[in-house]
Amino acid sequence: MIVGVLALQGDVAEHLSALAECDVVARPVRRPDELDSVDALVVPGGESTTMSKLAIEFGVLDPIRKRVAGGMPTYGSCAGMIMLATEVLDGRPDQRGFDGIDMTVRRNAFGRQVDSFEAPVEIEEIDGGPFSAVFIRAPWVERVGADVQVLGRVSAGPAAGRIVAVRQQHLLATAFHPELTGDLRVHRYFVEMAHAAGQTTEG
């Protein structure tokens with residue numbers, strides 16, 4: 001299993017390190033030929049408008065869209081969640097993404113960098129108790145389509161009830177940054193998703 005990390009901007013090294021501990025081959029992806037060599041993809045946290053611009057410049061926006069639509073397992077954290085959404089609120093008018101998950105997300109919904117915080121989030125389908133979730137200029141989900149499974153919500157505080165983890169078939173997204181915590185449960189869950197998708201394709 002080869003899992004790529006979109007290496008245009010953001011927490012690339014942290015995701016590569018986390019994936020390597022999950023017994024897969026992890027590679028940075030910047031160009032279409034590198035995308036062709038991976039079985040699954042992680043879109044890291046960072047700055048979604050910059051990521052959108054660079055994806056166009058590096059020629060990977062449309063190839064990733066096609067792979068996502070074709071069933072490639074893809075996980076987005078923070079900015080990656082924004083890139084996977086079909087609708088983005090408070091984004092730039094020229095911002096483009098991968099149109100994968102039928103959801104509406106709001107950029108910087110939790111506030112600016114100084115408003116970053118850590119909070120426990122229970123995630124369905126992931127055992128081991130609440131996840132200590134790190135939110136940095138994070139989005140939240142304001143609408144999900146009928147095929148989208150809500151996996152996690154903020155449990156307390158001013159944002160209680162806000163959706164911060166979702167799954168739609170082969171696509172996974174979180175508003176927080178598991179790559180910054182040392183807790184590998186979200187990455188392991190995604191790797192299991194990718195393995196299952198591979199077995200389905202082979203079957």
Side-chain angles (χ1 to χ4, degrees), residues 1-8 10-45 60 63-86 97-103 121-134 141 144-145 147-152 163-203:
M1 173 69 65
I2 301 172
V3 181
V5 177
L6 186 61
L8 301 176
D11 298 335
V12 177
E14 291 86 350
H15 274 296
L16 288 170
S17 176
L19 288 165
E21 291 191 57
C22 296
D23 300 321
V24 296
V25 176
R27 293 179 181 167
V29 169
R30 293 185 186 84
R31 304 194 179 276
D33 61 324
E34 295 169 339
L35 178 67
D36 292 340
S37 72
V38 303
D39 303 300
L41 184 69
V42 171
V43 184
V60 293
I64 291 175
R65 277 183 162 188
K66 287 175 184 170
R67 290 287 308 273
V68 165
M72 176 178 66
T74 307
Y75 164 50
S77 65
C78 198
M81 170 182 263
I82 296 168
M83 293 295 288
L84 283 176
T86 53
F98 304 133
D99 289 343
I101 299 176
D102 181 12
M103 63 179 174
V121 174
E122 289 274 4
I123 304 177
E124 287 185 29
E125 301 189 2
I126 297 182
D127 297 329
F131 198 92
S132 186
V134 176
V141 179
V144 295
D147 294 331
V148 178
Q149 179 184 5
V150 174
L151 295 180
I163 300 169
V164 292
V166 296
R167 176 177 178 178
Q168 183 175 339
Q169 297 169 331
H170 59 288
L171 305 174
L172 177 69
T174 63
F176 52 88
H177 294 264
E179 73 278 9
L180 300 181
T181 64
D183 187 331
L184 297 174
R185 285 179 292 158
V186 172
H187 288 86
R188 291 195 192 283
Y189 177 74
F190 176 62
V191 167
E192 288 171 8
M193 282 175 52
H195 277 299
Q199 289 165 0
T200 302
T201 303
E202 289 166 11

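Keep in mind that the numbers below use all heavy atoms, side chains included, and drop hydrogens, waters and symmetry copies. Numbers here simply count residues along the sequence, with the first being 1.
In this structure a side-chain-to-backbone donor-acceptor pair under 3.5 Å is present from R65 to G97. Q168 contributes a side-chain N or O that, together with a main-chain N or O of D102, makes up a donor-acceptor pair within less than 3.5 Å. Between the side chain of T74 and the backbone N or O of M72, at least one donor-acceptor pair lies under 3.5 Å. Of the possible polar contacts, one joining the H170 side chain to the V68 backbone as a donor-acceptor pair under 3.5 Å is found. Although no hydrogens or angles enter the test, the distance criterion places a donor-acceptor pair under 3.5 Å between the side chain of S37 and the main chain of E34. Distance alone, capped at 3.5 Å, is enough to place a donor-acceptor pair between the T86 side chain and the M103 backbone. With hydrogens and angles ignored, the 3.5 Å screen pairs no side-chain donor or acceptor of R167 with any backbone N or O of L172. Between the side chain of S77 and the backbone N or O of H177 there is no donor-acceptor pair closer than 3.5 Å.
V3 is not listed as a side-chain neighbour of H15, based on a closest heavy-atom distance of 4.5 Å or more. Between L151 and I123 there is a side-chain heavy-atom pair separated by less than 4.5 Å. Taking 4.5 Å as the limit, some side-chain heavy atom of L35 sits within range of a side-chain heavy atom of R67. The closest side-chain heavy-atom distance from P28 to L16 is below 4.5 Å. When side chains are defined from C-beta on, F190 does not count as touching T174, because their heavy atoms never get closer than 4.5 Å.
Taking CD of Q149 as the start and CG of L171 as the end, the distance is 12.5 Å to the nearest 0.5 Å. Put simply, CG on L6 and CD1 on I64 are 4.5 Å apart, with the number rounded to the nearest 0.5 Å. Atoms CG and CG, from L19 and L184 in turn, are 9.0 Å apart once rounded to the nearest 0.5 Å. Atom CG of residue L41 and atom CD1 of residue I2 lie 13.0 Å apart, to the nearest 0.5 angstrom. Distance check, rounded to the nearest 0.5 Å: NE2 of H195 to CG of D23 gives 8.0 Å. The distance from atom CD of E122 to atom CZ of F131, rounded to the nearest 0.5 Å, is 12.0 Å.
Between Y75 and H187, the two ring planes are perpendicular [angle over 60°; tilted spans 30° to 60°].
Looking at every heavy atom in both residues, I163 comes nearest to V166 through CG2-CG1, 3.6 Å. Contact record, A79 with P44: CB-O, 3.9 Å, taken as the closest heavy-atom pair. Of all the heavy atoms in A7 and V12, the pair that sits closest is CA-CG2, 3.6 Å. Contact between G76 and L84 at its shortest, heavy atoms only, is N-CD1, 3.6 Å. What you find for A26 and A20 is that their closest heavy atoms are CB-N, 4.4 Å.
Looking at R31 and D33, no side-chain N of the basic residue comes within less than 4.0 Å of a carboxylate O on the acidic one, giving no salt bridge.
The side-chain contact (heavy atoms from CB on, under 4.5 Å) with M81 is formed by just one residue from the set V43, V141, V164; it is V141.
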Step-by-step side chain to side chain contact (heavy atoms under 4.5 Å, CB included) determination, E14 to L180 = CA-CA 7 Å; E14 291 86 350; L180 300 181; 4.0 Å; yes
Do V38 and V29 pass the side chain to side chain contact (heavy atoms under 4.5 Å, CB included) test, and can you show the C-alpha distance, the side-chain angles, and the key distance before you say yes or no?
-> CA-CA 9 Å; V38 303; V29 169; 3.9 Å; yes
